[in-house]
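Everything on this sheet refers to the single structure shown next.
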Amino acid sequence: MNCIQFLLPVLVLVGYVGAQVLLSGPCPKIPPMKNFEPKTFLGRWYELERYFVSYEGLAGTCWVENYLYSPKRGHYTRLDWMDRITRKTLNIENGLTFDKYEPGRLHYFVERPFLPFLQGEYLVLATDYSTFALAWQCMDLPLKHTEILWLLSKQQYPEAYVIKKAKSIASGLGLDVSLLRKQDRAGCPN
């Protein structure tokens, strides 16, 4: 295991609160997508834009979330990224479960025996399963909350209307799309 693969989960934990967008008040009540279909969602999703997350910027570029399924493991994700220094592709896998009553509510846990405390949940707010997805995570703090919004696409370079549609949906849910930051996709592997 190289240093980045070890440090990324630690940075996630240590920097969680200070590494996201910090907003006043409690988390907004935004429901996950209704009738979300986990098996239809499987595949490679490119991270096009997201709210600020320091640990991802430190670790690398070219972030890709692979939603996978195997009969032995069930659903899981493999997060791939390119190390900023070595330009090598690195990855980490997370176990994944879906809420029984709201399948768009995803529970993840980092599959590292020395980091059993890295777990949480995020919501799939919207997707058409072929061009875009919006995923969102929020954590309440005293008098404030942190948020991360991810705009994902099945295409590394989608048409402009795809991004516009996704942002319109996010705005309609009350999320501030001006906080989204375009991700560096230069030199990313296919």
To the nearest 0.5 angstrom, please state how far the [atom1] atom of [X] sits from the [atom2] atom of [Y].
X    : Y    : atom1 : atom2 : result
N91  : N66  : CG    : CG    : 8.5 Å
L152 : E47  : CG    : CD    : 6.5 Å
N94  : Y67  : CG    : OH    : 9.0 Å
D80  : E93  : CG    : CD    : 9.0 Å
K167 : L151 : NZ    : CG    : 7.0 Å
L23  : C138 : CG    : SG    : 8.0 Å

Is the count of non-hydrogen atoms from other residues, nucleotides or ligands lying under 6.0 Å from E159 atom CD greater than 12?
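No, not enclosed.
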Has K154 got more than 12 heavy atoms of other residues, nucleotides or ligands less than 6.0 Å from its NZ?
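Correct, the count exceeds 12.
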Under 3.5 Å, side chain of [X] to main-chain N/O of [Y], donor-acceptor pair present?
X    : Y    : value
S153 : T131 : yes
Y51  : T146 : no
S168 : K164 : no
H145 : P26  : yes

Does T61 form a side chain to side chain contact (heavy atoms under 4.5 Å, CB included) with Q183? I'd like the steps, not just the answer.
CA-CA 7 Å; T61 62; Q183 298 308 298; over 6 Å; no
Contact between F132 and I169 at the side-chain level, heavy atoms closer than 4.5 Å - yes or no?
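Yes - at least one pair of side-chain heavy atoms lies under 4.5 Å apart.
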Is there a side-chain contact between W150 and L48, using heavy atoms and a 4.5 Å cut-off?
no
For side chain to side chain contact (heavy atoms under 4.5 Å, CB included), just list the numbers for L149 and L180, CA-CA rounded to whole Å, side-chain angles, deciding distance to a tenth of an Å, and then say yes or no.
CA-CA 7 Å; L149 175 64; L180 286 166; 4.0 Å; yes
Kindly give the heavy-atom pair with the smallest separation between [X] and [Y], and that separation in Å.
X    : Y    : answer
M139 : L141 : CE-CD2, 3.5 Å
M82  : C188 : CE-CA, 4.1 Å
A170 : L134 : N-CD1, 3.8 Å
E65  : Y122 : OE2-OH, 4.4 Å

If only side-chain N and O atoms count, and only distance matters, is there a donor-acceptor pair under 3.5 Å linking [Y] with [X]?
X    : Y    : value
R78  : Y76  : no
E147 : W136 : yes
Q137 : Y108 : yes

Walk me through it: do T97 and L106 pass the test side chain to side chain contact (heavy atoms under 4.5 Å, CB included)?
CA-CA 6 Å; T97 60; L106 288 70; over 6 Å; no
Side chain to side chain contact (heavy atoms under 4.5 Å, CB included) between H75 and F98, worked out:
CA-CA 9 Å; H75 287 91; F98 300 89; 3.3 Å; yes
Charged N to carboxylate O below 4.0 Å: is that the case for E49 and R181?
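Salt bridge flag = no for R181 with E49.
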Sequence neighbours excluded and cut-off under 3.5 Å, please list the side-chain donor-acceptor pairs for residues 27-43, or say none.
from : atom 1 : to  : atom 2 : distance (Å)
E37  : OE1    : T40 : OG1    : 2.9

Going hydrophobic residue to hydrophobic residue with side-chain gaps under 4.5 angstrom, can you get from Y161 over to Y46?
yes
